[in-house]
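Below is one structure, written out as structure tokens; the observations come after it.
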Amino acid sequence: AAGVIQSPRHLIKEKRETATLKCYPIPRHDTVYWYQQGPGQDPQFLISFYEKMQSDKGSIPDRFSAQQFSDYHSELNMSSLELGDSALYFCASSSASGSTDTQYFGPGTRLTVL
Amino acid sequence: AQTVTQSQPEMSVQEAETVTLSCTYDTSESDYYLFWYKQPPSRQMILVIRQEAYKQQNATENRFSVNFQKAAKSFSLKISDSQLGDAAMYFCARGGTGTYKYIFGTGTRLKVLA
């Protein structure tokens, strides 16, 4: 079965640079979520999109922005990177019209800011 | 605030034995979902089991089962016949209907002793 795809899997950036993370949800899933997991921490919700509209917003810095495109893939744009942005970024997808409300997670993008 | 609490940072179990991981949560909603996710060293988030709050019957998935006590807002995971491959970080999460984000607990690291 197809899973959530995230690219790149690893990313190394310098402070103050920008980064773009991409997420391709499971086919026919209409909702995408972004989570940030710092070292030794639990995943923290950043933002979500349903049918290309932002549906919820969590603790996402103003330096970050995201959107969902017509093909339902999503991109998380991060600017003015800081050392503290080093983390594992998960994308998850679900079907809002489904019966389980289960989110399926991608493998994550490991971002290292030097 | 709606929270999920895992009070056991670390647990150990002998191979082939049974272990129970605890989780409590706080919510004001009547319709919600509860999940256990496993995160091995690869850091992939793997769904272990889920429970719909409106169902009284406890969910089971092979060696994994839950004890769901809705009034007490408790959702523990029992792993029977523990195997070395069960060693991982386990996160309890609370979700909701539609596009509701997940709220994770802080995780329990499970060690399986040979």
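Order of the sequence lines fixes the chain letters, A, B, ..., with proteins taken first and strands second; residue numbering starts at 1 for each chain. Heavy-atom basis, side chains included; hydrogens, waters and symmetry copies ignored.
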If I measure from the heavy atoms of chain A, does [X] come under 4.5 Å with its side chain, its backbone, both, or neither?
X      : value
B/Y100 : backbone
B/F91  : side chain
B/Q6   : neither

## Note on the structure
Of A/L88, A/D56, A/T31, A/D30, the largest count of non-hydrogen pairs under 4.5 angstrom with chain B goes to A/L88

### Task
Determine, stepwise, if the pair A/K13 / A/M78 fulfils side chain to side chain contact (heavy atoms under 4.5 Å, CB included).
CA-CA 11 Å; A/K13 292 287 185 178; A/M78 311 160 72; over 6 Å; no

Counting only non-hydrogen atoms closer than 4.5 Å, does [X] touch chain B with its backbone (N, CA, C, O), its side chain (CB onward), both, or neither?
X     : answer
A/Q44 : neither
A/F49 : neither
A/Q41 : backbone

### Task
Determine whether more than 12 heavy atoms belonging to other residues, nucleotides or ligands lie under 6.0 Å from atom NZ of B/K70.
yes

### Query
More than 12 foreign heavy atoms under 6.0 Å from CZ of B/R43: is that the case here?
yes

### Query
Parallel under 30°, tilted from 30 to 60°, perpendicular over 60°: which one fits the rings of A/Y35 and A/F45?
perpendicular

### Task
Decide if the gap between the ring center of B/F75 and the ring center of B/Y25 is smaller than 6.0 angstrom.
no

